[in-house]
Amino acid sequence: MPHLALYTFGVLKSPLADPAPLTRELHDSGEAIYRKISQHPGYLARAEAADGDRGTHFDLDWGPWGEFAVPTWYGKGRTVKTTALAATLSLWTDLGSAFDAIYTGLHREALNRRYDWFERATEHPLHVFWWVADGVIPTWQDGVSRLEHLHGHDSAPHAFTFRRSFDPDGTPTRNKGAGPQSDRVR
């Protein structure tokens, strides 16, 4: 059975190494959010550095997830002191499970505060989904390629969003409630 790959990418207002309280707050909340999401039904795996978090995203060994990559529009730093990004790459059983995990609980609380931490993305998509065959682990480059494709095109089976999604066979889906309706929980 195919699995759903999800790549997310955001540009931070300040580098990850910034000791400012907001940057620390984002970094500190990440571990709890990842732990909670990893327990969510439908979650399969996420890219984690094989050698822990020693270095920048660009220097880490991501094992089967491949070499770390970013979209061409990312123009901030790539060193320990200048890297200002947050990116995830994960696998899910289905779209509904991913939606529930992302738009509820701790992650939803963090989404409500995203403008405290992230630059507003008005020109570029922040996430992209695509289906992969069972046993396939998507790479960072796959995620970047799909996100850039989505940026230049509308949602299609090759690269899609919550709002305009597709089944593994390429059939458009109508997911009741899927897709953020606003920036705030109702």
Side-chain angles (χ1 to χ4, degrees), residues 1-11 30-31 33-74 78 83 85-107 110-111 121 124-180:
M1 172 172 237
H3 292 143
L4 189 67
L6 167 62
Y7 173 73
T8 67
F9 186 82
V11 179
E31 188 58 38
I33 291 169
Y34 285 133
R35 190 172 38 257
K36 189 71 173 168
I37 283 180
S38 71
Q39 297 167 353
H40 198 281
Y43 169 86
L44 297 172
R46 73 175 170 98
E48 295 184 79
D51 54 358
D53 284 337
R54 293 183 300 259
T56 70
H57 292 75
F58 301 95
D59 302 328
L60 299 174
D61 174 5
W62 293 97
W65 302 89
E67 185 177 334
F68 188 75
V70 295
T72 55
W73 60 78
Y74 175 71
R78 293 174 182 248
T83 299
L85 62 86
T88 64
L89 181 59
S90 57
L91 278 172
W92 297 85
T93 57
D94 60 275
L95 194 63
S97 296
F99 180 83
D100 289 344
I102 292 166
Y103 289 103
T104 60
L106 291 176
H107 194 271
L111 282 176
H124 307 289
L126 298 174
H127 74 276
V128 65
F129 288 104
W130 69 100
W131 293 99
V132 297
D134 187 23
V136 170
I137 297 184
T139 66
W140 289 107
Q141 186 56 55
D142 294 336
V144 168
S145 174
R146 305 279 177 149
L147 191 72
E148 288 178 341
H149 183 271
L150 183 62
H151 172 65
H153 305 85
D154 201 3
S155 281
H158 177 76
F160 55 92
T161 65
F162 275 124
R163 234 175 251 244
R164 292 213 44 239
S165 56
F166 295 83
D167 284 336
D169 67 3
T171 304
T173 63
R174 288 280 179 220
N175 296 302
K176 183 179 180 183

- Task: Using modelled atom types only, decide if a donor and an acceptor are shared between the side chain of H149 and the backbone of S145 within a distance under 3.5 Å.
- Result: no
- Mind checking what makes side chain to side chain donor-acceptor pair (under 3.5 Å) contact with T8, not counting sequence neighbours? T88
- Check whether any side-chain heavy atom of D169 sits under 4.5 Å from a side-chain heavy atom of W131, and report yes or no. no
- Task: Mind running ring-ring contact (aromatic ring centres under 6.0 Å, His included) on F162 and H127 for me, showing each step along the way?
- Result: CA-CA 9 Å; F162 275 124; H127 74 276; 5.4 Å; yes
- Determine, using ring centers only, whether F166 and H158 are less than 6.0 Å apart. no
- Message: One pair to check against side chain to side chain contact (heavy atoms under 4.5 Å, CB included): I102 and H107. What are the steps and the verdict?
- Response: CA-CA 6 Å; I102 292 166; H107 194 271; 3.6 Å; yes
- Message: For a side chain to side chain contact (heavy atoms under 4.5 Å, CB included) check, start with the C-alpha distance between H151 and W73, then their side-chain angles and the critical distance, and finish with the verdict.
- Response: CA-CA 11 Å; H151 172 65; W73 60 78; 4.0 Å; yes
- Are I33 and L106 side-chain neighbours, meaning at least one heavy-atom pair lies under 4.5 Å? yes
- Sequence neighbours excluded, the answer for side chain to side chain donor-acceptor pair (under 3.5 Å) partners of W92 is S90
- Taking side chain as C-beta onward, heavy atoms only, is I137 less than 4.5 Å from W65? yes
- Message: Measuring from atom OH of Y103 to atom CG of L111, what distance do you get when rounded to the nearest 0.5 angstrom?
- Response: 6.0 Å
- Item | Test log, rule ring-ring contact (aromatic ring centres under 6.0 Å, His included), inputs W140 and W62 | CA-CA 9 Å; W140 289 107; W62 293 97; 5.0 Å; yes
- Considering residues at least two apart in sequence or located in another chain, which fulfil the side chain to side chain donor-acceptor pair (under 3.5 Å) criterion with R78? none
- Would you name the heavy atoms of A5 and V132 that are closest together and state the gap between them? CB-CG1, 4.2 Å
- For the residue pair V144 and E148, establish whether any side-chain heavy-atom pair is separated by less than 4.5 Å. yes
- Query: Can you list the residues that meet the side chain to side chain donor-acceptor pair (under 3.5 Å) rule with D100, with sequence neighbours excluded?
  - Reply: none
When the side chains of residues 34-43 are checked against the rest of the protein, which donor-acceptor pairs come out under 3.5 Å, sequence neighbours left out?
{"residue": "S38", "atom": "OG", "partner": "Y34", "partner atom": "O", "Å": "3.4"}
{"residue": "S38", "atom": "OG", "partner": "R35", "partner atom": "O", "Å": "2.7"}
{"residue": "Y43", "atom": "OH", "partner": "R46", "partner atom": "N", "Å": "3.1"}

- CA sep, side-chain torsions, deciding dist, call: T56, T83, side-chain hydrogen bond (donor to acceptor under 3.5 Å, both in side chains): CA-CA 7 Å; T56 70; T83 299; 4.7 Å; no
- Considering only heavy atoms from C-beta outward, does the side chain of L91 approach that of P138 to under 4.5 Å? yes
- Is there a donor-acceptor contact under 3.5 Å from the side chain of D167 to the main chain of G170? no
- Task: Please work out whether the ring planes of H57 and F68 are parallel, tilted or perpendicular, with thresholds of 30° and 60°.
- Result: tilted
- In sequence, state the C-alpha distance, the side-chain angles, and the governing distance for F129 and T161, and then conclude on side chain to side chain contact (heavy atoms under 4.5 Å, CB included). CA-CA 6 Å; F129 288 104; T161 65; 5.6 Å; no
- Task: Give the C-alpha distance, both sets of side-chain angles, the deciding distance and a yes or no for side chain to side chain contact (heavy atoms under 4.5 Å, CB included) between L89 and L6.
- Result: CA-CA 6 Å; L89 181 59; L6 167 62; over 6 Å; no
- Task: For the residue pair L95 and L4, establish whether any side-chain heavy-atom pair is separated by less than 4.5 Å.
- Result: yes
- Query: Do you know which of L126, L150, V128 makes side-chain contact (heavy atoms from CB on, under 4.5 Å) with Y7?
  - Reply: V128
- Looking only at heavy atoms, which two atoms of A87 and F9 are closest? And how far apart? CB-CD1, 3.9 Å
- Query: With sequence neighbours excluded, what pairs up with D154 under the salt bridge (charged side-chain N to carboxylate O under 4.0 Å, His left out) test?
  - Reply: R164
